[in-house]
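Take a look at the structure below.
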Amino acid sequence: MTGKSQKPKILVTGCNGLLGQKVVALTRQRYWTVGADLQDESLGSVDEYLTMDISKREAVLDAVERISPVGIVNTAALTNVDACEKDRDLAWAVNVDGVRFLLEACQRISSSLIQISSDYVFDGEDGPYGEDAAANPLGFYGLTKLESERVLVGSRSPWAVVRTNVLYGWARSVRSNFVLWVRAQLAAGKYVRTAIDQYGNPTLAENLAQGILALLRRGQQGIFHIAGADYVSRWTFALMIARVFGLDQKLIAPVLSAHLSQWAPRPHWGGLRIDRAARELGISILGVQAGLNALKEQIPLEEMEVR
Ligand SMILES: NC(=O)c1ccc[n+]([C@@H]2O[C@H](COP(=O)([O-])OP(=O)(O)OC[C@H]3O[C@@H](n4cnc5c(N)ncnc54)[C@H](OP(=O)(O)O)[C@@H]3O)[C@@H](O)[C@H]2O)c1
């Protein structure tokens, strides 16, 4: 249960993704951090790395038993909302079965599991939502995230579910996200059409990772909403991105979701109430301006390549 340095060991699945890279950067300070993802090598700085597909039961059970971590943080998922709508079998295999296998492995060695979920478990009729609000996903991605939560709730081993939304940030070779996309479009002088009727609270990936680390250290259990402090539309968010990065706001067009060619339905009034996290986790939760400023400081714009 401890690594070579006698620190307690944890496993972070999906460690090459945006959130995964931010989580391992923080957990390594306190935990011997084993990272796992689909690729041949780690993109971040983990203590140990293994290639592992969480949708393969035997591989998960074997690896977790061998590593024997005190806890697992599962950031691995099929995160593309439209791809989940189109390839439902794959979405279910990764986002639901994968979590089931991780939980089974945790139960065998009495370790804890933190699962990352989404505000897409809600229908967006009257957000932002508190932890106890009734779930009613509009699309298949949201359904898989809700089912992943149901895998954990009531488990006999320690568990926590962290719901977040509109995650943004930069790390090595990450997929694009709303901020990187808007910035790249505007920097290339292209128009950006953004929804005036999709609301949420944008979340800087580092800030979410801080919340996850706090949960891990305190061993707190249950469902937690960890997200940014400001509730804004995608259009307002895009305007703020342009301002912070010194780009042309006039290229940003406000449109209704119905006029965007998005395959899967999106919640309108989505987003999350974060009172519990603010009260219990002891982290400072950033608003949009502070989050974008922090991102701008991280890395020269020309180096913001994505995969
Ligand atoms: N992004 C958002 O706005 C948002 C909002 C709410 C909640 N979340 C949740 O937050 C978590 C982290 O999101 P993120 O934005 O950091 O995602 P991400 O950048 O797409 O990272 C996910 C990682 O998981 C890997 N992965 C995919 N399938 C896997 C499998 N079968 N086995 C092992 N690893 C696998 C991906 O590899 P490949 O890249 O090769 O597929 C990727 O490295 C996810 O649970 C997501 O649902 C995200």
Side-chain angles (χ1 to χ4, degrees), residues 11-25 35-44 46 49-57 59-60 63-64 72-84 87 89-102 113-122 129 137 139-149 151-152 161-181 198 200-209 211-212 224-228 234 237 266-267 270-272 306-307:
L11 172 63
V12 179
T13 46
C15 70
N16 285 341
L18 174 61
L19 180 60
Q21 290 194 50
K22 302 302 178 184
V23 168
V24 299
D37 208 313
L38 295 175
Q39 295 76 29
D40 291 338
E41 57 185 31
S42 167
L43 296 174
V46 291
Y49 179 76
L50 71 145
T51 303
M52 184 179 79
D53 180 340
I54 63 165
S55 69
K56 304 281 184 270
R57 180 172 177 270
V60 171
V64 173
I72 299 179
V73 180
N74 178 36
T75 70
L78 197 66
T79 54
N80 183 314
V81 174
D82 295 322
C84 286
D87 192 343
D89 289 346
L90 180 63
W92 193 272
V94 179
N95 293 358
V96 184
D97 289 338
V99 180
R100 189 170 292 131
F101 302 150
L102 288 169
L113 179 59
I114 297 179
Q115 163 66 8
I116 315 303
S117 186
S118 164
D119 71 329
Y120 275 39
V121 301
F122 300 114
Y129 294 92
F140 202 74
Y141 169 76
L143 180 67
T144 63
K145 297 311 272 188
L146 179 59
E147 287 302 319
S148 78
E149 296 182 2
V151 167
L152 269 70
V161 165
V162 174
R163 295 191 187 123
T164 191
N165 76 135
V166 198
L167 195 62
Y168 69 93
W170 182 87
R172 207 177 138 210
S173 296
V174 285
R175 293 167 182 284
S176 192
N177 53 63
F178 189 76
V179 174
L180 300 184
W181 173 71
Q198 286 178 29
N201 27 348
T203 308
L204 182 69
E206 277 89 354
N207 208 196
L208 173 57
I212 292 168
F224 289 82
H225 288 180
I226 307 180
R234 289 296 177 120
F237 189 30
R266 264 70 171 173
L272 301 165
V306 291
R307 57 178 145 132

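Numbering of ligands and ligand atoms starts at 1, following listing order. This chain uses plain numbering: 1 for the first residue, then up along the sequence. All values below come from the heavy atoms of this structure, side chains included, with hydrogens, waters and symmetry mates left out.
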* Asked: Side chain of Asp37, backbone of Asn16: donor and acceptor closer than 3.5 Å?
  -> yes
* Would you confirm whether Thr144, through its side chain, and Val96, through its main-chain N or O, come within 3.5 Å as a donor-acceptor pair? => no
* Structure fact -> Quick note on ligand 1: atoms under 4.0 Å from a heavy atom of Lys145 include exactly 44 (C), 45 (O), 46 (C), 47 (O)
* Asked: Going by the order shown, which atoms of ligand 1 are within less than 4.0 Å of some heavy atom of Met52?
  -> 32 (N), 33 (C)
* Asked: Side chains of Asn95 and Ser148: donor-acceptor distance under 3.5 Å anywhere?
  -> no
Check whether any side-chain heavy atom of [X] lies under 4.5 Å from a side-chain heavy atom of [Y], and answer yes or no.
X	Y	result
Leu11	Leu50	yes
Lys22	Leu208	no
Arg234	Phe178	yes

Can you tell me if [X] has a non-hydrogen atom under 4.0 Å from ligand 1?
X	result
Arg163	no
Lys56	no
Gln39	yes
Asp53	yes
Val174	no

Output yes when the distance from some N or O of ligand 1 to some N or O of [X] is under 3.5 Å, and no in every other case.
X	answer
Leu167	yes
Thr164	no
Ser117	no
Asn74	no
Thr79	yes
Asp37	yes
Ala76	no
Val94	no

* Structure fact -> Nearest heavy-atom contact between Val12 and Val23 is CG2-CG1, 4.0 Å
So, taking the atom named [atom1] in [X] and the one named [atom2] in [Y], what distance separates them when rounded to the nearest 0.5 Å?
X	Y	atom1	atom2	value
Leu167	Leu19	CG	CG	6.0 Å
Thr203	Asp119	OG1	CG	8.5 Å
Ser55	Leu90	OG	CG	7.0 Å

* ligand 1-proximal atoms of Ile54, by part, heavy-atom distance under 4.0 Å -> both
* To do: Check Phe178 against ligand 1 and report side chain, backbone, both or neither, counting heavy atoms closer than 4.0 Å.
  => neither
* Asked: Asn74 pairs by side chain to side chain contact (heavy atoms under 4.5 Å, CB included) with which of Leu102, Ile114, Ile116?
  -> Leu102
* Just going by heavy-atom distances, which of Ile116, Asn16, Leu272 is nearest to atom 9 (C) of ligand 1? -> Ile116
* Among Tyr141, Tyr168, Tyr120, which residue places a heavy atom closest to atom 8 (N) of ligand 1? -> Tyr141
* Asked: Only one of Glu149, Arg163, His225, Lys145 forms a side-chain hydrogen bond (donor to acceptor under 3.5 Å, both in side chains) with Ser117, so which one is it?
  -> Glu149
